Amino acid sequence: MTHATQFASNMSIGQEFKNMQRQLSSSAAGAAECKSMVEESPVVVVARRGCCMSFVVRRLLQSVGANPDVCEVEERHVDELARHLGESGGGVLMQLPAVFVGGRWFGGIERVIATLIREELKPLLKQAGGLWL
Amino acid sequence: MNSTTTQFVPSRRMGLYEPAHQMSMWGDFRLDSPPPPPLMLEVNANSNNQSEDTFGASHRNDQEASKPDDKVLRRLAQNREAARKSRLRKKAYVQQLENSKLRLIQLEQELDRARQQGLCVDATQLAYAGNTNPGITAFEVEYGHWVEEQNRQVSDLKNALHSDMGDMELQIFVDGGMRHYFELFAMKVTAARADVFYIMSGMWKTSAERFFLWIGGFRPSELLKQVLSPHLDDLTEQQRLDIVNLRQSCQQAEDALSQGMEKLQFILAQAIADGLLREGNYLPQIGAAMNKLEDLVRFVIQADHLRQETLQQISRILTIRQAASGLLALGEYLQRLRVLSSCWSSRPRDVCVSKI
């Protein structure tokens with residue numbers, strides 16, 4: 001958490017970032033915590049700590065009204081994560097950052113961009129209960 | 001080349017270079033060296049005449065028997081001779097200038113042609129790391145072919161739209177056009193892995209294209225705003241709405257990627273700046289920065305992914321004929337940018353009229 005807030009105080013878009021951080025339940029977590037977050041939260045972004053792409057994914061989800069929770073993992077936990085999330089995940093080749101909607105693996109940055117442009121992201125999120133409007 | 005680009009002939013470049021500069025560039029002609037052989041004969045012939053004059057003069061002198069006059073006349077004759085030689089040298093020099101000017105025009109035409117094909121052969125390109133990266137060299141060659149094919153497709157599209165071709169046939173052109181762009185994106189992925197800085201700087205593009213660069217390529221929202229929207233007149237209400245939504249989604253994706261890039265820049269700068277003025281080497285900082293640069297490759301890939309998705313969505317919203325027009329508009333727009341680059345780089349820089 002401290003690492004993330006340090007970014008926030010130094011960046012030009014820092015204020016926005018700070019706001020986001022308050023909404024997100026973020027943690028430099030282990031694999032088990034991630035798994036429980038994925039099962040409990042409607043929309044979760046699982047990413048490596050300090051990953052810039054994770055930031056992009058979050059912004060994109062927010063642009064359609066989602067409020068994703070973030071689970072940041074240390075590099076050493078990544079392999080363990082793949083095993084834990086394997087059942088609800090998309091298999092071994094799940095790339096980070098990974099988006100989980102309604103407890104199930106949705107995809108990575110590529111799928112988020114594709115569905116956003118095709119105007120499919122919002123309906124898919126709504127369907128899986130990831131938006132409340 | 002059956003392209004629609006203009007062959008730029010810089011015919012206004014007469015006497016652009018000062019004589020001194022000219023001489024240093026094409027050093028085969030020197031004012032201090034003896035005149036070339038053909039002129040020698042002329043000079044000799046003249047000197048024969050001169051000797052006649054002198055003879056005549058000296059004959060006159062003998063008749064008058066005044067030595068001072070003789071010297072004066074000889075000096076005058078020598079002056080005439082020197083003036084003649086000078087005129088001949090000047091003539092030869094001008095001839096050389098004219099030849100060199102023609103050579104320059106030829107070279108410039110070749111250069112413009114190469115530039116229009118996207119092979120930047122200007123100084124900035126040559127200065128770039130000596131270009132010893134085989135992945136990049138291969139990319140540049142492929143890109144040259146890509147532009148040639150692009151020019152062909154643009155003129156084919158133009159002809160197709162002006163003919164009374166049916167939708168089925170037109171679809172083939174549209175599919176081909178789209179596929180051509182997707183091929184470029186695939187090429188760029190490989191090149192980005194070879195040298196991401198090269199792709200991020202748009203080094204393979206012409207200078208005007210580089211001005212509009214966004215994460216290694218064109219901005220999809222600009223494509224919708226400037227190239228498509230103003231030129232698609234016969235849209236239905238639904239199409240208009242869909243285009244508006246697409247523009248919005250595009251803009252959001254661009255903003256997200258741009259902000260992610262800013263964050264990456266920040267992290268990268270931080271990694272490099274860590275431990276400045278401290279004792280010890282900075283290899284760890286370089287190592288940390290190298291790791292972060294892998295992320296940059298992902299940004300380039302995702303930006304191209306956005307471009308591809310946008311193009312595909314456009315083709316879904318528009319009718320076949322509209323999509324063909326859209327592709328033609330985009331192709332022409334990029335061609336114009338390339339021509340702008342050529343014209344700009346070969347514009348006369350000094351108003352330096354030849355004094356010859």
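Nothing here was measured: the structure is a model prediction, and the numbers come from that model. Each chain gets a letter, A, B and so on, in the order the sequences are listed, and its residues count up from 1.
Closest heavy-atom contact between Gly260(B) and Cys52(A): O-CB, 3.9 Å. Summarising the geometry of Phe55(A) relative to Gln259(B), their closest heavy-atom pair is CE2-CB, 3.6 Å, with the distance given to 0.1 Å. The two residues Ala256(B) and Leu60(A) come nearest to each other via the heavy atoms CB-CD2, 3.7 Å.
Identified by a heavy-atom distance below 4.5 Å to chain A, the contributing residues of residues 225-254 of chain B are Asn245(B), Leu246(B), Ser249(B), Cys250(B), Gln252(B), Ala253(B), in residue-number order. Interface with chain A: from residues 283-294 of chain B, no residue qualifies, criterion being any non-hydrogen pair under 4.5 Å.
The local environment of CD in Glu80(A) is crowded, with over 12 non-hydrogen atoms from other residues, nucleotides or ligands closer than 6.0 Å.
Expressed to the nearest 0.5 Å, how far CD of Glu110(A) lies from NE2 of His305(B) amounts to 4.5 Å. Here SG of Cys51(A) is found 5.5 Å from CG of Asp295(B). Values are rounded to the nearest 0.5 Å. With rounding to the nearest 0.5 angstrom, the CD1 atom of Ile109(A) is 12.0 Å from the CD1 atom of Ile301(B).
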Query - Criterion side-chain contact (heavy atoms from CB on, under 4.5 Å) on Ile113(A) and Gln302(B), from CA distance to verdict - result: CA-CA 8 Å; Ile113(A) 288 177; Gln302(B) 292 312 318; 3.7 Å; yes
**Report entry** CA sep, side-chain torsions, deciding dist, call: Met53(A), Lys263(B), side-chain contact (heavy atoms from CB on, under 4.5 Å)
**Finding:** CA-CA 10 Å; Met53(A) 226 20 121; Lys263(B) 180 167 168 176; over 6 Å; no
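In terms of the salt bridge (Lys or Arg N to Asp or Glu O under 4.0 Å) criterion, residue partners of Asp274(B) (sequence neighbours excluded) are, by chain and number, Arg278(B). For Gln312(B), the side-chain contact (heavy atoms from CB on, under 4.5 Å) criterion is met by Arg118(A), Met178(B), Phe182(B), Gln308(B), Glu309(B), Arg316(B), not counting sequence neighbours.
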